[in-house]
Protein chains: 2
Amino acid sequence: MNSVFKALSDPTRRKVLELLRKGPMSAGDLAAHFAVSKPTMSAHFAVLKEADLVAAEKDGKSVIYRLKLSVLEDALLGFAGAFGIQGKGAQETIQSVTQTKESEI
Amino acid sequence: MNSVFKALSDPTRRKVLELLRKGPMSAGDLAAHFAVSKPTMSAHFAVLKEADLVAAEKDGKSVIYRLKLSVLEDALLGFAGAFGIQGKGAQETIQSVTQTKESEI
DNA sequence: ACATCAATTCGATGATTAGCTAATTATCAA
DNA sequence: TTGATAATTAGCTAATCATCGAATTGATGT
């Protein structure tokens, strides 16, 4: 999990993940979105792969990267969960707000 | 938001935040949980403060650090939201609880 | 076989980071 | 005022990191 947060600490890598959200993309197509050299992008891909946030599949001359959403999800929700953080507006359970059980109302 | 993810990239700092989840704590008490020097911990606190993840309040000789949960929440949920990731488990919002009428229970 | 293209690895460089000890600041008590 | 305590700042080192150009690997087409 540490490798995931390390991977997420760089804005370029976070943006790569967001690009991959729409679907798999080749290393070259991904690199075209950034103002850094291809070797630099390749290093970023390696970090993301090491963190298991993406999977790489070779397709002819290209390498297709695919987002591993469940890994990202587990890391984010796992950490957020340790703080009682819940998504989509439901920040608190009934119990934690009212300290009242359903059976008592 | 970049500073938040930068801050979260270090395991010591993540653990500090988790310790602060229980409530505010002094720099010394926090440092006692780790096997690094106090100046090193002080540097970690500075990073967390810079990311606005904690607030510092001076109390006599001590400095009390307090978790700013909403900042952590906004960063985590904001990023997760961009991927359609949402936590599961919380069924009710605060509003739906506080707006419950007597006639409905 | 050779040229081309996509991607990575190699090797180097400047910047950032985490860590330390020692010194400094600030507060409180005797 | 002196001494003790809590925390930070100063100054440094070693390690990691993002970045580059050049070289290399691997696949495709002529």
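In what follows, every chain begins at residue 1, and chains take the letters A, B, ... in the order their sequences are listed.
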Tabulate atom names and distances for all N/O pairs under 3.5 angstrom spanning the protein and nucleotides 16-20 of chain D.
| residue | atom | partner | partner atom | Å |
| --- | --- | --- | --- | --- |
| D/dA18 | OP1 | A/R13 | NH1 | 3.3 |
| D/dA18 | OP1 | A/R13 | NH2 | 2.9 |
| D/dT19 | OP2 | A/H44 | NE2 | 2.6 |
| D/dC20 | OP2 | A/S37 | N | 2.6 |
| D/dC20 | OP2 | A/S37 | OG | 2.7 |
| D/dC20 | OP2 | A/T40 | OG1 | 2.7 |

Hey, can you pull the donor-acceptor pairs under 3.5 Å for the side chains in residues 3-14 of chain A, sequence neighbours left out?
| residue | atom | partner | partner atom | Å |
| --- | --- | --- | --- | --- |
| A/S9 | OG | A/K6 | O | 2.7 |
| A/D10 | OD1 | A/T12 | N | 2.8 |
| A/D10 | OD1 | A/R13 | N | 3.3 |
| A/R13 | NE | A/A7 | O | 2.8 |
| A/R13 | NH1 | A/H44 | ND1 | 3.1 |
| A/R13 | NH2 | A/K6 | O | 3.4 |
| A/R14 | NH1 | A/L8 | O | 2.6 |
| A/R14 | NH2 | B/N2 | OD1 | 3.1 |

Which atom pairs, donor and acceptor, lie under 3.5 Å between side-chain atoms of residues 26-35 of chain B and protein residues at least two apart or in another chain?
| residue | atom | partner | partner atom | Å |
| --- | --- | --- | --- | --- |
| B/S26 | OG | B/D29 | N | 3.1 |
| B/H33 | ND1 | B/D29 | O | 2.9 |

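Whole-Å rounding puts the A/K49 NZ to C/dT9 C1' distance at 12 Å. Here the P atom of nucleotide C/dG19 and the CZ atom of B/F45 are 12 Å apart, to the nearest Å.
No path of Ile, Leu, Val, Met, Phe, Trp and Tyr side chains, each step under 4.5 Å between heavy atoms, connects A/V47 with A/V63, placing them in separate hydrophobic clusters. Residues A/V16 and A/L69 fall within the same hydrophobic cluster, defined by Ile, Leu, Val, Met, Phe, Trp and Tyr side chains chained together at heavy-atom separations under 4.5 Å. Both B/V71 and B/L77 belong to a single network of hydrophobic side chains, linked directly or stepwise wherever heavy atoms of I, L, V, M, F, W or Y lie under 4.5 Å apart.
Proximity of A/F79 to B/L72: side-chain heavy atoms (C-beta onward) are separated by under 4.5 Å at one or more points. A heavy-atom distance below 4.5 Å is found between the side chains of A/F83 and B/L67. Between B/V54 and B/L17 the shortest side-chain heavy-atom distance falls below 4.5 Å.
Annotation: proximity of residues 50-67 of chain A to DNA chain D (heavy atom, distance under 4.0 Å) is found for A/K58, A/G60, A/K61, numbered in ascending order. Within residues 20-30 of chain A, the residues approached by DNA chain C to less than 4.0 Å at the level of any non-hydrogen atom are A/S26, A/A27, A/G28, in residue-number order.
Judged as a salt bridge (Lys or Arg N to Asp or Glu O under 4.0 Å), the pairs with a partner in residues 41-56 of chain B (not counting sequence neighbours) are, in order, B/D52-B/K68.
Annotation for A/M1 and A/A75: closest pair CG-CB, 4.4 Å, computed over non-hydrogen atoms.
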